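First comes the structure, then the notes that go with it.
Owing to the predicted nature of the structure, the values given are computational and were not obtained by experimental measurement.
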Amino acid sequence: HRTTTHNPTSGHSAPFERLCSPAMKKEAIKLCLKNLNRLSRTAPVPEFCRKTVKPGIVHLGVGGFHRSHQAVYTDRCLQKDPAFGICGVGLVPGDKKMKDALAEQDNLYTLVTKNRDSTEVEIIGSIVDYLYAGDGNASTEVVQRLASLDTRIVSLTVTEKAYMIDDSTGNLDFSHPLIVHDLEHPENPKTPVGYVVAGLRQRMKRGLDAFTVLSCDNLPMNGELTKRVVLQFAECVDREDGRLVQWIKNNTSFPSTMVDRITPATTEADIEYLRKGFSIEDKWPVCAEEYTQWVIEDDFPLGRPDWEDFGALMVKDVKPYELMKLHLLNGSHSALAYLSYLKGHHSVHTAMEDEDISGFVKNYMECVTPTVPSVPGIDLAAYKLTLRERFSNPNVSDQVSRLCEDGSKKMQSFIRGALEELLEKGKPTKHVAGAVAGFIRHSRGVDEFGQAIEVKDPRAEELRAAAERVHSEGKAKDFLAEFLSEDIASSSRFNREVDEFLSVLDQEGGAEQVLKSLR
């Protein structure tokens, strides 16, 4: 039940002009609780009584994806069960903007669903409270909320780097300054893992049941990873008697999830479109594609919303779905990102209009398909076609530069596993080699015309130095060992493929030549 506007052409231009004609202009209504009745004439509003909703879920890291995905599924469930409203938590200074926007709107926001031919809007009300701890002044309040009897689930969308993983070991990075801080001040943490452990520690002391820890980040088997770093952190906090670690092991559930919905960053144009096209004044709406998928291991000792009533898939083992998504969607996104950037594309949908790139993406998917296990209820051929159609949707086109961010983490999470399996099975790896070569060339921080490339990555300087060594030596082996794995670096065939692609990428028009050879 969403308000729909049909788009005769791609993008906002045509419907924007039509909706904003003088005859149709209306004064925009500020999004807030007291205006919901007026807004209901413009867009669907929450049907549940927000006054009766309890914050049964504490969510760490309220960004665009959480608001387009988990918060939407939860919104659908609250009329039936008001025990699972969401208390959002902002952990970093950059979250103050979200805190201020939501505070002005009683934590309400607009979901703008951008299909290829229409745009639909609805107002989401599942976030009923928001705590901002990015300045260090509310850590005690957040820990107390985690320890509250009302809290049954603590969920996370904090991005890969916020788990503070040492890539060389796969374990918690105890040398990270924020982890060092949290171990010295366990009751006033700054990191997600520090908050989770602080909340569990308080619940143990009070004799309360443990909440379920639900990671919704794009990480392989995110529940297992979260459990590992939580236990490693707790062991350091609890060196005296080990009670906390044992209590967490015996009482805390860490189900893995697979999440999927393309959610591009909200732009000023989106805010203006909503204001003029739908008469809604929203400080920070969230935009997303229509497609959404959520696969969850069903292990919630304190209960959960009936997410499956609204499309979520509750399963015993999320791994097949996770591998499908990581290798085909996330891996393909990273594969197309660097070569598209080097060829001069800025948005994903225009990149996909380039036959060289769309052909490469299709072939990359076929290349890694042998690493995808049988997935119950999924037709892989149809899934791959749907992915390419989604990448091509002009209304939710992501920025190529954003897909290039955090490449050192994404290569580990999205590319490495599939590549190692292909090498072990003796399968072709040429298309993966092209993707990796693009990543290495991009990491140098300068394009073929001498223009600077902003490499946004926690290891940006290390990447740049290593990529420069590859350029001067003509060999990628050391780079592969440092940023992928020793096993990958030991493959002479894969080294040869990457080196050959890099030699082409150093030439004028190199990205185009590489892509043509891979389409």
Do the side chains of [X] and [Y] get close enough for a salt bridge, i.e. N-O under 4.0 angstrom?
X: Asp309; Y: Lys80; result: yes
X: Lys409; Y: Glu405; result: no
X: Glu297; Y: Lys316; result: no
X: Arg145; Y: Asp129; result: yes
X: Lys114; Y: Asp270; result: yes
X: Lys161; Y: Asp406; result: yes
X: Arg201; Y: Asp238; result: no
X: Lys319; Y: Glu322; result: no

What heavy-atom pair brings [X] and [Y] nearest, and what distance separates the two atoms?
X: Ser413; Y: Leu219; result: OG-CD2, 4.0 Å
X: Arg116; Y: Pro394; result: NH1-CD, 3.7 Å
X: Ser334; Y: Phe414; result: OG-CD1, 3.8 Å
X: Ile262; Y: Val396; result: CG2-O, 3.8 Å

What I'd like to find out is whether the side chain of Lys283 reaches to under 4.5 Å of the side chain of Lys97, using heavy atoms alone.
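No, their side chains stay 4.5 Å or more apart.
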
Just one of Arg67, His66, Gln70, His59 clears the side chain to side chain donor-acceptor pair (under 3.5 Å) bar with Thr157, so which one?
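When Arg67, His66, Gln70, His59 are each tested with Thr157, the side chain to side chain donor-acceptor pair (under 3.5 Å) holds only for His59.
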
Name all residues meeting the ring-ring contact (aromatic ring centres under 6.0 Å, His included) criterion together with Tyr73; count only those two or more places apart in sequence or in a different chain, and write none if there are none.
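So Tyr73 forms a ring-ring contact (aromatic ring centres under 6.0 Å, His included) with His69, Trp294.
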
Does the ring center of His333 lie less than 6.0 Å from the ring center of Phe391?
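Yes.
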
Using the ring of Trp247 (Phe, Tyr or Trp, six-membered ring only), decide whether Arg203 places NZ or CZ under 6.0 Å from its centre and within 45 degrees of its axis.
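No.
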
